[in-house]
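What follows is a short report on a single structure.
Labels below follow one simple rule: chain letters A, B, ... track the order of the sequence lines, proteins then strands, and each chain is numbered from 1.
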Number of protein chains: 2
Amino acid sequence: MIQFSINKSYFLQALNATKRAISSKNAIPILSSLKIEVGSHSITLTGSNGQISIENTISANEADAGLLISSGGSILLEANFFINVISSLPEVSLDFEEIEQQQVLLKSGKSEITLKGKDVEQYPRLQEMTTSNPLVLETKLLKTLVAETAFAASTQESRPILTGVHLSLTDHKDFKAVATDSHRMSQRLLRLENATDNFDVVIPSRSLREFTAVFTDDIETVEVFFSSSQILFRSETISFYTRLLEGNYPDTDRLLVNQFETEVTFNTNNLRHSMERAHLISNATQNGTVKLEIVNQVVTAHVNSPEIGKVNEELDVEAISGSDLTISFNPTYLIDALKALRSETVTIRFISPVRPFTLTPGDDQENFIQLITPVRTN
Amino acid sequence: MIQFSINKSYFLQALNATKRAISSKNAIPILSSLKIEVGSHSITLTGSNGQISIENTISANEADAGLLISSGGSILLEANFFINVISSLPEVSLDFEEIEQQQVLLKSGKSEITLKGKDVEQYPRLQEMTTSNPLVLETKLLKTLVAETAFAASTQESRPILTGVHLSLTDHKDFKAVATDSHRMSQRLLRLENATDNFDVVIPSRSLREFTAVFTDDIETVEVFFSSSQILFRSETISFYTRLLEGNYPDTDRLLVNQFETEVTFNTNNLRHSMERAHLISNATQNGTVKLEIVNQVVTAHVNSPEIGKVNEELDVEAISGSDLTISFNPTYLIDALKALRSETVTIRFISPVRPFTLTPGDDQENFIQLITPVRTN
């Protein structure tokens, strides 16, 4: 029967990371549990919502953990409740002891709390994966890539494949991440130096956002393993599994054309604030659009709601070339796109009022491109 | 027709304070508006939800306001929307101009936003008050008093009078604030030196919490004016009106008896954390109580939930005297009471397992007293 003592803060940090995979309102009630497995030199915490699974390992070799294991075993505990109890304990360390079958006694200072648990046999078996030949990526790079693409995925279940981000590696070096909800698209290219087997997978964008929260900035690199149905991101202490989306991802390359009529470079933040003002009014209009007019090198934005009011604004421009143009679009797409850019300036290229326009960072025209579809207003 | 320019941040601060009286979901739709009245030397902003009304005056003499009035008038604007638009403007100052009847043009930098407003005649007339002979109180003192009592008022509308805080002045010097929801009570006494007429009013606790948010710590004193149906708190720039509750407040003095059998002094924070642990489990029990046992000068807390688990804890005690006792109560009441205390220690006095017990701050046994009713568990 389990018995160990551990540093409370260290334990809580691991518990909270694991909890990110656990939903208290799961269709499978047992998944609201946390699985605790105590071996002779480490503890493994497991949480899962059926889509994402997280395993967090606390090693007795890690000095900060203050982990002293007297006896091993395993148990399921209600995750939210257990974490609340642990965080309420008075002292810096706690004793965890299984006092009878599926019953745990927590001691800390003069406080003794007994909790009822469940048999680990009730917990579903997570799919195993062979872990050889990993793709090794910098955590920071991977998180940047998620921030640049995941927001553009669809939130509608009508075309499930579009709720994912399409990741592929071709020629053992050309890495591509792309997401689209059919109104906008965001694509990041990367050249990998020491890459492995080619792959072609679609990962739920929600899983990628959880990945970003779980892998903190102090984790330098992540190993990535692929199988036909899931993907595993692994650091020294954390294994993060997510199911893949099934189906063929649409061919997004055909949307990118290398021809344009008008090119404008803006200050990213100024343009974003202008669009936020426009959105306050466009939000109250029937089609929710802002109209951009480019006439004689001057760019103006216009929204008119007969009920609420209107916005007219001349936009600051860093550089401009090409033909005059009038185009309407939903400003929220442009706001989202600008939020994903880290460069000071952004170059927008227009073909015509009815063709998608592209955004590229002022400092990198090659590897990061976004696309927004306009709205026909008449 | 209105025309003025003003510093954006200063304007926003005043708008946000006024907005605290405005609910976007009011039964009277016009009350979602903000009233702007521009005189020759100042602007008055008014918001109201029918219970609370706030008038905020911005003077042209206030240097930070950067207020320059060209022409006066008045208009109603949708409050939330107007404030969002103002906060979105690009420059540090803005021009506000009424361009035609009930239509406002806002200019800031290259941005021009036109908003539709409404005729001020549609706005209800707020009740007038005669403002002579004020009671002058330190804002800080008044806010402390609210923090010490308002939480104990009822949130149930079954006895509306208990949703208020009872404020009274007797003998032109004895000030009392008391609130109770019939399970617990909190009472603060104050001796006022330069007080005015006696009063006896019941103010909705919700209004007092809004008062706390509106009167920031830089406002040193507040003038208080009374009428039969409302009360006015006034500083140099803000007038805060609230309706009073009608009816007789119950006689709470009879609840306070000066006799007890057991007296225990605790460290306030330690006791609070113990009760928070107890609450995690008591929350899952049928009667939601914690049991306190005092035996031979040792105080222990116990909760037992057959489904979830149990807590047993010895409580640290600073001083203890009197008979042994076992008493059960809802720990949330004790947690709330301890949160309202600013003293390092708290003295709790018990009479019997079925009689209310009192809490007083370790450093002030006279002027602040709280009372909690136990729960009979068998």
Among the listed options A:I308, A:L315, A:L115, the residue most often paired with chain B at heavy-atom distances under 4.5 Å: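 Among the listed options, the one with the most contacts to chain B is A:I308.
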Would you mind telling me which of A:H273, A:Q103, A:E313 has the largest number of heavy-atom pairs within less than 4.5 Å of chain B?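 Going by pairs under 4.5 Å, I would pick A:E313.
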B:F357 vs B:F350 aromatic rings, parallel, tilted or perpendicular, using cut-offs 30° and 60°?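 Rings of B:F357 and B:F350: tilted, as their planes differ by 30° to 60°.
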Pairwise distance CD1(B:I43) to CZ(B:F4) - rounded to 0.5 angstrom: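 With rounding to 0.5 Å, CD1 (B:I43) is 3.5 Å from CZ (B:F4).
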Which bit of A:E78 comes within less than 4.5 Å of chain B, counting heavy atoms only: side chain, backbone, both or neither?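 Neither part.
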Per-residue contact mode, A:E314 against chain B (heavy atom under 4.5 angstrom):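 Looking at A:E314, backbone and side chain both touch chain B.
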Largest heavy-atom contact set with chain A, pairs under 4.5 Å, which of B:R277, B:E112, B:E276: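 Greatest number of close heavy-atom pairs with chain A: B:R277.
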Return the minimal non-hydrogen interatomic distance between B:S87 and B:L12, and the atom names on each side.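 Minimum heavy-atom separation between B:S87 and B:L12: CB-CD1, 3.6 Å.
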List the atom of B:V299, the atom of B:V317, and the distance in Å for their closest heavy-atom pair.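 Heavy atoms only, the tightest pair is CG2-CG2, 3.6 Å.
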Establish, from distance only, whether the side-chain atoms of B:S305 and B:T285 form a donor-acceptor pair under 3.5 Å.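 Side chains of B:S305 and B:T285: no pair found under 3.5 Å.
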